[in-house]
**Student:** 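Take this structure, written in structure tokens, and hold onto it; I'll ask about it next.
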There are 2 protein chains.
Amino acid sequence: MTQGIIENLITQLTKLPGIGRKSAQRLAFFILTMSPDDAKGIASAIIDVKDKARFCSTCFNITDTDPCNICSDPSRDKGKICVVEEPSNIIVIERTRSFDGTYHVLLGALSPLDGVTPDKLKINELVLRIQSDSVKEVILATNPNTKGEMTAQYITEIIKPFNVRITRIAYGLPIGSDIEFADEVTLSKALEGRREL
Amino acid sequence: MTQGIIENLITQLTKLPGIGRKSAQRLAFFILTMSPDDAKGIASAIIDVKDKARFCSTCFNITDTDPCNICSDPSRDKGKICVVEEPSNIIVIERTRSFDGTYHVLLGALSPLDGVTPDKLKINELVLRIQSDSVKEVILATNPNTKGEMTAQYITEIIKPFNVRITRIAYGLPIGSDIEFADEVTLSKALEGRREL
């Protein structure tokens, strides 16, 4: 028996992470009932991403225009660069609507044992931006884990000579969480970082 | 700021059931890392389904060829018709590999209060198949819930005069549940244990 179009769609959908056969089947039959425009909207968004996605030559965010729409937005403060590991981090930070500067994506974090040395990351490109633009502050928003910390430390050493303010995002308890369930490291960081009220 | 291609893909993916923003974001960034062929395989499977999906004029399964590949398969026993409510039920039953007959999709179950009367379902078409083909057995595999039972009862009354064996899948399935979510072993046991009505 040749595989039908529905079976094919189900098989295709199981390639996605966290989508097993049952979920794929539910999605496939849902897609069948969607308006053609809605369904094709999904398909063409996938095709667009694969055809047009590239890195912004300034900040290395994923974009279809170069420079990306954050770098080219005149209302963004070019004096502040928030350094992140991955393009996906930008979306999360943008959703907070609390940052009006620009970004710089490293495309990874230092991990010498895995062969990720400083030259594999977009660190030189960051240094060039600091040298050429009137950058006043570099906010290091790499992940609060071993690799991210090491990366933040390394970048601090490298950009110290350029006389910019270098900051690290705060460590502490997540809003809405419970001290009861906080791990000891986070809790001790939260105490260390306490602020005057 | 115009919406980027990634943000657009995320928005598109949230149209799917059970996919919130976080899942959509995870899927979108995964799609970015997929091979172009794999990603476009998903997109074109969606487009194919929307462009080509139609009902088999014999059994009302969803198909891109008419008759569908089950109806046109010479190795399938045309003497047995398994009656189901929805095309998705066929996929589940096929996966058990314990049925070698053909299907008939009613495209629903009787529910007079919701206006689903016998004429809204493909019951006449089933009767025509029984009259014209050499059908020996009709297996009623409607859901083991109120509507499905009512539908099975109704069909039994209608096709009794035609001198075919009428069976109901066994109640190995928990009453009140849905065929959609049955595990394959239970479902295959239920097919095995079908009894004369």
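Sequence lines set the chain letters: A, B, ... in the order given, protein chains first and strands last, and positions in each chain run from 1. Predicted model only: the values in this text are computed from it and were never measured.
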**Student:** Between B/S75, B/G41, B/P36, B/S72, which shows the greatest number of heavy-atom pairs under 4.5 Å with chain A?
**Tutor:**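 Counting heavy-atom pairs under 4.5 Å, the top option is B/G41.
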
**Student:** Non-hydrogen atoms of chain B under 4.5 Å away: do they reach the side chain of A/T14, the backbone, both or neither?
**Tutor:**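 When you check distances to chain B, no heavy atom of A/T14 falls under 4.5 Å.
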
**Student:** Among A/A39, A/G18, A/S88, single out the residue with the greatest number of heavy-atom pairs under 4.5 Å to chain B.
**Tutor:** A/S88

**Student:** Does a sphere of radius 6.0 Å around NZ in A/K120 hold more than 12 heavy atoms from other residues, nucleotides or ligands, not counting ones at 6.0 Å or beyond?
**Tutor:** yes

**Student:** Quick check for you: to the nearest 0.5 Å, what is the distance between A/L16 atom CG and B/I42 atom CD1?
**Tutor:**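 That separation rounds to 4.0 Å.
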
**Student:** Report, as yes or no, whether the 6.0 Å neighbourhood of atom CD on B/Q131 holds more than 12 heavy atoms from other residues, nucleotides or ligands.
**Tutor:** yes

**Student:** Please determine, among A/S23, A/A43, A/S44, A/A28, the option with the most heavy-atom pairs under 4.5 Å with chain B.
**Tutor:**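 The candidate making the most pairs under 4.5 Å is A/A43.
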
**Student:** With the side chain counted from C-beta on, respond yes when A/K40 and B/Q12 share a heavy-atom pair under 4.5 Å apart, and no when they do not.
**Tutor:**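 The answer is no, as the side chains (C-beta and beyond) never meet within the 4.5 Å cut-off.
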
**Student:** Over all heavy atoms of both residues, which pair between A/D38 and B/K15 is shortest? Give the atoms and the distance, please.
**Tutor:**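 Scanning both residues completely, I find the closest heavy atoms to be OD1-NZ, 3.5 Å.
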
**Student:** Return the minimal non-hydrogen interatomic distance between B/I91 and A/E7, and the atom names on each side.
**Tutor:** CG2-OE2, 3.3 Å

**Student:** If contact means a heavy atom pair closer than 4.5 Å, which residues of residues 45-63 of chain B contact chain A?
**Tutor:** B/A45, B/I46, B/I47, B/D48, B/V49, B/K50, B/D51, B/K52, B/A53, B/I62, B/T63

**Student:** Group every Ile, Leu, Val, Met, Phe, Trp and Tyr by side-chain heavy-atom contacts under 4.5 Å, then state whether A/V84 and A/L140 land in the same group.
**Tutor:** no

**Student:** Membership question, hydrophobic clusters at under 4.5 Å side-chain separation (ILVMFWY): are B/V138 and B/L128 in the same one?
**Tutor:**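 Per the 4.5 Å side-chain linkage, B/L128 and B/V138 are not co-clustered.
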
**Student:** Spell out, yes or no, whether A/V127 and A/I139 are grouped together once hydrophobic residues are joined by side-chain heavy atoms under 4.5 Å, including indirect joins.
**Tutor:**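 Result: no, two separate clusters.
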
**Student:** Looking at A/K78, I want to see if its NZ is surrounded by more than 12 non-hydrogen atoms of other residues, nucleotides or ligands under 6.0 Å.
**Tutor:**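 Yes, enclosed.
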
**Student:** Are there more than 12 heavy atoms of other residues, nucleotides or ligands under 6.0 Å from atom CZ of A/R165?
**Tutor:** no

**Student:** Under a single-linkage definition using a 4.5 Å side-chain heavy-atom cutoff for Ile, Leu, Val, Met, Phe, Trp and Tyr, are B/I159 and B/V83 assigned to the same hydrophobic cluster?
**Tutor:**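 Same hydrophobic cluster.
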
**Student:** Within the 4.5 Å heavy-atom criterion, are A/I6 and B/P87 side-chain neighbours or not?
**Tutor:** no

**Student:** As an exercise, state the distance from SG of B/C68 to CD1 of A/I5, rounded to the nearest 0.5 Å.
**Tutor:**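 It comes to 11.0 Å.
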
**Student:** Is A/L106 reachable from A/I90 through a run of I, L, V, M, F, W or Y residues, each pair having side-chain heavy atoms under 4.5 Å apart?
**Tutor:** no

**Student:** Quick check: are there more than 12 heavy atoms from other residues, nucleotides or ligands sitting under 6.0 Å from CG of A/N163?
**Tutor:** no

**Student:** Any chance CZ of A/R95 has more than 12 other-residue heavy atoms, nucleotides or ligands included, within less than 6.0 Å?
**Tutor:** yes

